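What you are looking at is a predicted structure, and each value in this text was computed from that prediction instead of being measured. Naming: A, B, ... by sequence-line order, numbering from 1 per chain. When reading the values below, keep in mind they use all heavy atoms of this one structure, side chains included, and skip hydrogens, waters and symmetry mates.
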Protein chains: 2
Amino acid sequence: MAANKKISSAVIRRLPRYYRYLSDLLNMDITRISSKELSKRMGITASQIRQDLNCFGGFGQQGYGYNVEFLYKEIGNILGVNDRFTTIIIGVGNMGHALAHYGNFRKRGFDTIGLFDVNPDIIGQEINGIKVMHTDELESFVQKNHVDIAILTVPYEQTPEVAEKVARLGIKGLWNFSPMDLRLPYDVVIENVHLSDSLMVLGYRTKEKFGKSRK
Amino acid sequence: MAANKKISSAVIRRLPRYYRYLSDLLNMDITRISSKELSKRMGITASQIRQDLNCFGGFGQQGYGYNVEFLYKEIGNILGVNDRFTTIIIGVGNMGHALAHYGNFRKRGFDTIGLFDVNPDIIGQEINGIKVMHTDELESFVQKNHVDIAILTVPYEQTPEVAEKVARLGIKGLWNFSPMDLRLPYDVVIENVHLSDSLMVLGYRTKEKFGKSRK
DNA sequence: TAGATTGTTAATCGATTAACAATC
DNA sequence: TAGATTGTTAATCGATTAACAATC
């Protein structure tokens, strides 16, 4: 039976990964799995799997392992898949556009309910049944609709300003795609997606492993 | 003077972040910075900064700190910004499209030299001066052009197959946007960008911190 | 029951932080 | 020179792994 110690960031970041693997197992009609077998599939230790899961509860059974469907649902609940988070996308450029089209988020518990931009060419366009509104309408929209998470895909220079505005309106989660670390004087959870950082790490590792000769 | 011990993943992942902050300092015409001052800006300890940098060399000077421009260039070199990595994008859907347009990669050392898709409506389109080719032309393209990194933005089901093809052609770096962990029987460096995972972590943290009442 | 596998405690490993001598 | 700040070693902290009693 799990205690409620502070759960570390490392553990939390592994949860979506467990969720994906369990989803795959379900699709393969596998009904039970041991930490040992799962460890082989995921490339992590069985010990870590059991430790991680026991942060949240005893989901397994001695001598049996874990019931895949049960564990899948439990992790889904921990992650809030059934809580349904409402999201808005601010900045419907190429990246915002791509995210608006990405169907996978819905399966994971996120419903996009608003799109915002300042470009008149884009405003009024409909994506996945949602009309792009002018960012000026953001405030009244947020007053009428509960918004959990704002996805920020605005140009670099505008990011701090828009982020502050969003935080001031009381939105509690912020998914930031700009290559800057936001720090806000508001009580907001921020998750950064620094794509260039990720690419640079890949470049470094490729170079480190295979060298880099050509210009 | 740094030894050449194995540099940990944690350190490497911080390099692009240092690079960004140094770039900002340069833009603010700040010529020197101490680890203490940088630590305040970045929200990490000065000790960590000095430890990290000393994995690669003694870039500072006692009593002075670090020369911003020099350090910026050194980290740039470590990351390979001047080595110029060539990249191709496979799958020019919404995400591939967004990445093809994203100018930031060039500044960080990456040149997109090829775009590939199988959709006849997309093939022949030009993005940033590059024509989208059919994926069938991939092999001959890679034989004629040195490609360091393949960016995979193909649909979920096709990802393993395309990844394998790319690896077989000798491409050494693979940036994967599909929500699956690729494992290949080839010597390839893989960096995953699991956007839904990141969003789920944000959802979890928002819920954890502020609760989640509404459906 | 015997075998398997969990939940959990203890041991290990690695990363972060603190401290300080070296030195600009 | 005196003050500041690095580079680096040592101490601490936290995360991962190992071990095993509990138990299905």
Position toward the 5' end of DNA chain D (nearest nucleotide), S9(A) or A46(B): A46(B)
Whole angstroms only, please: what is the CZ-C1' distance between F56(B) and dT8(D)? 17 Å
Sequence neighbours excluded, the answer for side-chain contact (heavy atoms from CB on, under 4.5 Å) partners of P185(A) is none
Between CG of L53(A) and P of dT8(C) the distance, given in whole Å, is 12 Å
Using heavy atoms and a sub-4.0 Å distance, could you list which residues of residues 25-40 of chain A are near DNA chain D? By number, please. none
Within a reach of under 6.0 Å around CD of E208(B), are more than 12 heavy atoms found that belong to other residues, nucleotides or ligands? yes
Can you list the stems that DNA chain C is part of, where a stem is at least 3 pairs in a row, each Watson-Crick or G-U, with both distances below 3.5 Å? C:3-24 with D:3-24
D52(B): which residues meet the side chain to side chain donor-acceptor pair (under 3.5 Å) condition with it, sequence neighbours left out? R14(B), Y18(B)
Whole-Å distance separating the CG atom of D52(A) from the P atom of dT8(C): 14 Å
Residues which pass side-chain contact (heavy atoms from CB on, under 4.5 Å) with Y186(B), listed by chain and number, not counting sequence neighbours: E164(B), A167(B), R168(B), L184(B), V188(B)
Quick one: side chain to side chain donor-acceptor pair (under 3.5 Å) partners of T159(B), sequence neighbours excluded? S178(B)
Whole-Å distance between dT6(D) C1' and F70(B) CZ? 14 Å
With sequence neighbours left out, write down each residue that passes side chain to side chain donor-acceptor pair (under 3.5 Å) with E69(B), or none if nothing qualifies. K73(B)
Side-chain polar contacts of residues 107-117 of chain B - donor-acceptor pairs under 3.5 angstrom, sequence neighbours left out - could you list them?
from, atom 1, to, atom 2, distance (Å)
D111(B), OD1, R84(B), NH2, 2.7
D111(B), OD1, R106(B), NH1, 3.1
D111(B), OD2, R84(B), NE, 2.9
D111(B), OD2, R84(B), NH2, 3.3
T112(B), OG1, T87(B), OG1, 3.2
D117(B), OD1, N119(B), N, 3.0
D117(B), OD2, V92(B), N, 2.6

Measure CG/N54(A) against P/dT16(D) and give the value in whole Å, please. 15 Å
Do any side-chain atoms of residues 41-51 of chain B form donor-acceptor pairs under 3.5 angstrom with protein atoms, and if so which ones, sequence neighbours left out?
from, atom 1, to, atom 2, distance (Å)
R41(B), NE, E37(B), OE2, 3.3
T45(B), OG1, Q48(B), N, 3.1
R50(B), NH1, S35(B), OG, 2.9

Are Y66(A) and dG7(C) close enough that a side-chain N or O sits under 4.0 Å from OP1 or OP2? yes
With sequence neighbours excluded, residues passing side chain to side chain donor-acceptor pair (under 3.5 Å) with Y204(B): none
What string of B, S and - do you get for nucleotides 17-24 of chain C, 5' to 3', when a contact is any protein heavy atom under 4.0 Å? BBBB-BBB
Hey, what do you get for CD1 (I190(B)) to CG (L174(B)), rounding to the nearest 0.5 Å? 5.5 Å
Taken in chain and number order and not counting sequence neighbours, the residues that satisfy side-chain contact (heavy atoms from CB on, under 4.5 Å) with T31(B) are none
